[in-house]
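Structure, as C-alpha cells:
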Amino acid sequence: MKLKKYTGMLALALMVTVTGCSGAPGGDQGGVDGAAFDSVLAELEGLEGQARHDRLVELAQAEGQLNIYTSNSDTEQVMDVFADEYGIAVSVYRAGAESVLLRLLQENDAGFHAADFAEINARQLVVLDDLGLLQPYSGAVLDGFADVALYPGWTSHWSAVLTPVYNTNAVEAAEVPKTYAELAESEWAGRLAVESRSWEWYASLYRHFLEQGESEEAIDAVFEGIVSNASAQTGYLVIQQLVSTGEYDLSASGYAHLVLGQAPGTPVSIIEDFEDPGVLIQSGISMLRTAQNPATALLYYEWVLTEGLDIYSELGRTPTVRELGSAEGFDPSFLLLPVDADLILNEGDEWQTRWEQLLQALG
Amino acid sequence: MNEEKTMEQSGSSRVGGLFTVQNVVTAVAVVVVAWLTLLPIGFMIGETLIEAGQFSLDAFRRAFSNDIVILIVNTLIFAIGASALSLVIGTTLAFITERTDAPFRTLLFAASLVPVIVPGILYTISWIFLASPRTGLLNQAVAPVLGSGVFDIFTMGGMILIQGLSNSPLVYLMMVAAFRASDPSLEESAAMSGASLGQTIRRVSLPLVKPGLFSAALVMLVLNIEAFEVPALVGIPGGVWVLTSRIWSTLNQYPTDFGQAGAYAICLLVITAVGVYFSNRMSGGSRRYQTVTGKGFRPRRIPLRRWRIPVSIIVLVYFVVTLALPMLMLFYVSMLPGYVVPSADSLTSMTFDNYLYVMQHRTARTAFTNSLVLSIGTATIVMLLTAVCAWIVLRSRARGRWLLDNLTFLPLIIPGLVLGVALIALYLRIPIQVYGTLWILLIAYCTRFLPYGMRYATTSMSQIGIELEESAVMSGASWWASFRRVVLPLLLPGLIAGWLYIVMTSIRELSSSILLYSPGNEVLSVLIWEFWNDGRFGELAALGVLMIVVLTVVLTIARLVSGRFGVVGPR
C-alpha cells in the first residue's frame, strides 16, 4: 500500500512540476570550456544505437577512469555494477550535497578539474547549471522522458518526497496530525524535529499556503509554532533514525522513501492521509564540462538513466522518469510541491536567511 | 673553522661560515615551520580583509551584524566551563592517585586512556546515546524515580559535560606528572607543623604543582576553544552555537561567504591568543614555586582512613562515567540492527552484522590505511623537525630563534576547520600539486601537531646537560655529528613519547580532514562523520569499537617497545 501510495505521490509531483521546466536540453551554454566533450561528440557523430554505444564504450575504456562527486549514500553500490560491467575504475568523493557544490565551485575557480560527474540534489545542480558548468545532454536515452526530469545541464534520475514521518509506538492513531497547523499546537512541544537546513521545504510550503489564500500572519504562526515545538537536527537521515529510536515522536520533514526501504518492524511511518502537500526533492546527475574523462562520464550518464535506474529501484529509491503517469493507488488528498529553479536561484538567499532566523529565534 | 666556534657564534654572519651544516639545517627548519604556519594564517587574513582587490572590513561587519556577541559569549562559556571541569576532576584524581592510599588507582589509569584511544566524535556520539532527553540510557534509568528528561545533553551544560569529561584524563595525566615531580616532603613538613589536610592541599600541594596546573589549563583552553565535534553534534541540535560550529555552517552554505567565515575565524584566533597570553603570564609568575629537585624520593601516601570509602566511590563513579558507560554504550549500539533502548528483547536481537558491513566496506579499509599512514608520517616528520627546532631555540645563538619558538606554537591558535579552509584556498592556487592528495592532509596534520611535538622536544632538550654536547665538539665532532650521535640519542625517549602522542591524536583528527579529504584519501574520523550523517548508527559504532580495539593494541605494543627506550609516555 505504501509503495502504491508513494508511487502515486511521485506521479502527481512530476505532473505538477512541469511548470518552470524548460524543454528538452541541447545546445551550448556559456560558462567553462567543454572542448573535451565536443571531441567525444564528434567521434559519435552519425552513429546510432548499438554502433554508437560500442564506440562510446571504446572511448570510455581508453580513458579508463571516472571521478564522481556525489552526496548519495548508495552511489558506490550503483557504480560498482558499472565498473564491473565496463572494466572502468571509478573513484567517488562523497560528502553532503552542499559540500559537494562548494567543492566543485572552489575547484572550478582555481582551474582544478578533478570531477567528471556530479550526483547531487536539484538545489545544487540548478546553481551549477546556472553558472554554465554542466554539459548539456540530449541523447536518445531521454526519449519518452517527461519534461519534469529534464533540465538543460542535468537529468533527475530519482526523487524523494519530504513529508512528516512519525514513530508508530509514540504517536497514538487518534493524535496523528493531518496538517502542519496541527503540529504547531502545544501538545507537540518537545516531540518534534525539523531539519536545520531545510529552507527549501519551508519556502515551498510557505509559498503554497500563500497561494491557497492564507495570510502571512497565519502562515508565520504555523511555522513559528512548529519550530518552537521542535529541535533542529542536521540531516534528514539522522533525524529519521532518531525518530525510529524514539528520541523524537515526529519529524516535520521526513523522507518518504526511507520509510519505504526501512527494515521490517521499524516503528516509523508516513501519514497516509496527511492533507498538506509533501515537498519534492529531486536528485539529479550531471556531467562537468571540464571533465577529464568525458566519454566515461557520458557512458555513465546514459547507463544510470537506463540500467542504473533498476538498481536505484532495488535500493528503494523512486526513479523520477519511470513512475510518471503511474497514478495507481494515488490518494488525491496528498499534493506535492516541486522545488523550482527560480526559487533556488532568485529567492534562495532570502528564504535561507528567514529560515535560519526562525530557528535562531525559536529553536 | 672550529665547530665549537660555530656553535657559539651561530648566526654571526661571517660569509665564510654562512653555509655550515648547522646554518643550513637552521634555515631549512625556519623555512619549513614558517611555510607550515605563516602561509595559511596569512592567506586566511588576506581573504578576510581584502575584498575585490581592496582592503575592507566588510567581512567583519557582516559577521558582527549577525550573532557574533552570542557566539563569542557561548564560546567562552563552553571553553572555560569545560576547562574548569576537566581541571577540577583531573587534578583531584591525580592527587588521589599520587598522594593518597585510595584503592582502585589502576582504574584511573585505565580511564586516562580515553582521550588517547577514543576519538572525540565517538565519545560525543556515545554520550548522545547515554543522555539524549528521551531515549538516553541514563534518562531511562532515572525516569521511574525522577521523571523523564532529567538529563538533556543538547544544552550548554551537556556540551560542557561531554567536553570536560573527555579531556579530564588529559589533565589527570599532566597533573600526575606534576605531583610526581614535586617533593612531598614539603607537604609532610606542613602536616608536621600542624596544618590540616585541607590547609596542606590548599597552601602547599597546589602551589607546588601550579606550573603543571597552568600548562594543563592552557592546553584545555586551546583544545576547548577550537573543539568541533561536541559543538557540531550536540550544540547545533540544541541551538547552542559557538564560533566553530558557526564557521562550519557558514562554510556549508551556498553562496559561501568565506570572508565572514574568516572573520569568525579571526575572532577565534584572537580569543585563543589572549587565552594563551594570560595563561603564559600566569604560569611565568608561578615559576618561583617550582621545586623539582631531581633527588630521589618516595612519595608518602596520605592515609584516607574514614574518607577511604567515599573516595573509592568517587573513583569508581568516575571510571564508570568516563570510560565504562560510553564504551559499553558504543558496543551495545554496534550489536543492534537499529538502536533501541536496552531491554531483554534488544539484548536477544544482537548480531555482528554491523561488523561485517564495516569489514566489507571499501572506504573503511582505505580510511584505515590512510589514517595509519598519516598519523605515523605526521608523528615522524613533526618529531624530527621539532628536535632540530628545539636545539636551535634552546642551544644555538641563532638570531631570530625566538621567532622560531613562537612560530612552532602558532598552530595552537589556528582551529582545525580554519586551517582546512586556508590550505584548500592556498594549495588550489599555488603550483604545488598537493590538493586532492594525501599530502595536503599530511601538511595539515604536521601543522596542527607541531606545537605538541615542540613541547615534547623542548622538555627533553632542556633536561640534557650541555656538557655532553660540548665534550663531543671538543673531541672534534662536527655540529652535525654531535647532533646526530649525542643529542638525538639522548633526546630519543622524549621524542618517542612525543611521537606516540602525535600518532594517537592525529589518527582522530576530524576538523581539518573533513574539508581536505578526497576520493581515495578518506580517513577514519571522516568516515565516522559520514556514517553519522547517513544515520548508520550501528555501523558507526562497530567501526568505532574496531578502531578502539586496534588503537588499544597499538598503544600496548608501543608501550612495551618504548619502555625499552626509557620512555615515560601515557600510562
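Proteins come first, then strands; the chains are lettered A, B, ... in the order of their sequence lines, and each starts at number 1.
With a 4.5 Å cut-off on non-hydrogen atoms, B:Y339 touches chain A through its backbone and its side chain both. When heavy atoms are compared at a cutoff of 4.5 Å, A:L258 does not approach chain B at all. For A:A95, the parts lying near chain B are the backbone and the side chain together; criterion is any non-hydrogen pair under 4.5 Å. With a threshold of 4.5 angstrom between heavy atoms, B:I514 does not approach chain A through any atom at all. Contacts of B:I424 with chain A are made by side-chain atoms alone, with heavy-atom separations under 4.5 Å and no backbone atom involved. If you measure heavy-atom distances from B:E522 to chain A, the contacts under 4.5 Å come from the side chain alone. With a 4.5 angstrom heavy-atom cutoff, A:V238 touches chain B via backbone and side-chain atoms both. The parts of B:Y435 that come within reach of chain A are both its backbone and its side chain, each placing non-hydrogen atoms under 4.5 angstrom from that chain. Interface remark: A:Q352 contributes side-chain atoms only to the contact with chain B (heavy atom separation under 4.5 Å). Residue contact with chain B, scored on non-hydrogen atoms closer than 4.5 Å, involves the backbone and the side chain of A:E76 alike. Neither the backbone nor the side chain of A:N72 has a heavy atom closer than 4.5 Å to any heavy atom of chain B.
Atoms OG and CD, from B:S249 and A:E98 in turn, are 11.0 Å apart once rounded to the nearest 0.5 Å. In this structure, B:R429 CZ and A:F112 CZ are separated by 12.5 Å, a value rounded to the nearest 0.5 Å. A:Y248 OH to B:S132 OG: the interatomic distance, rounded to the nearest 0.5 Å, is 8.0 Å.
Closest of all the heavy-atom pairs between B:D534 and A:S73 is OD2-CB, 3.7 Å. Closest approach of A:S91 to B:P519, counting heavy atoms only: OG-CB, 3.6 Å. Among all heavy-atom pairs drawn from A:S99 and B:N252, the shortest one is OG-OD1, 2.7 Å. B:I236 and A:T234 make their closest contact through CG2-OG1, 3.6 Å (heavy atoms, listed as atom of the first residue, atom of the second, distance). Closest non-hydrogen pair, B:R362 versus A:D80, comes out as NH2-OD1, 2.9 Å.
A donor-acceptor pair under 3.5 Å links the side-chain atoms of A:E247 to the main chain of B:R134, judged by distance alone.
The candidate from A:Q240, A:Q124, A:R197, A:R103 with the greatest count of non-hydrogen atom pairs under 4.5 Å with chain B is A:R103. Counting heavy-atom pairs closer than 4.5 Å to chain B, the top residue among A:L237, A:V92, A:L105, A:I68 is A:L237. When each of B:A232, B:P133, B:G436 is scored by its heavy-atom pairs under 4.5 Å with chain A, the top score falls to B:P133. Note on A:G235, A:S231, A:G246: by heavy-atom pairs under 4.5 Å with chain B, the leading option is A:G246.
Side-chain contact between A:Q233 and B:F154 is present, with at least one heavy-atom pair separated by less than 4.5 Å. Residues B:W532 and A:Q241 are not in side-chain contact: their nearest non-hydrogen atoms beyond the backbone lie 4.5 Å or more apart.
Within a 6.0 Å radius of CD1 in B:I70, no more than 12 heavy atoms belonging to other residues, nucleotides or ligands are found. Under a cut-off of 6.0 angstrom, the local environment of CD in A:E187 is crowded, with over 12 non-hydrogen atoms contributed by other residues, nucleotides or ligands.
Ring geometry for B:Y517 versus A:Y93: interplanar angle of 30 to 60°, hence tilted.
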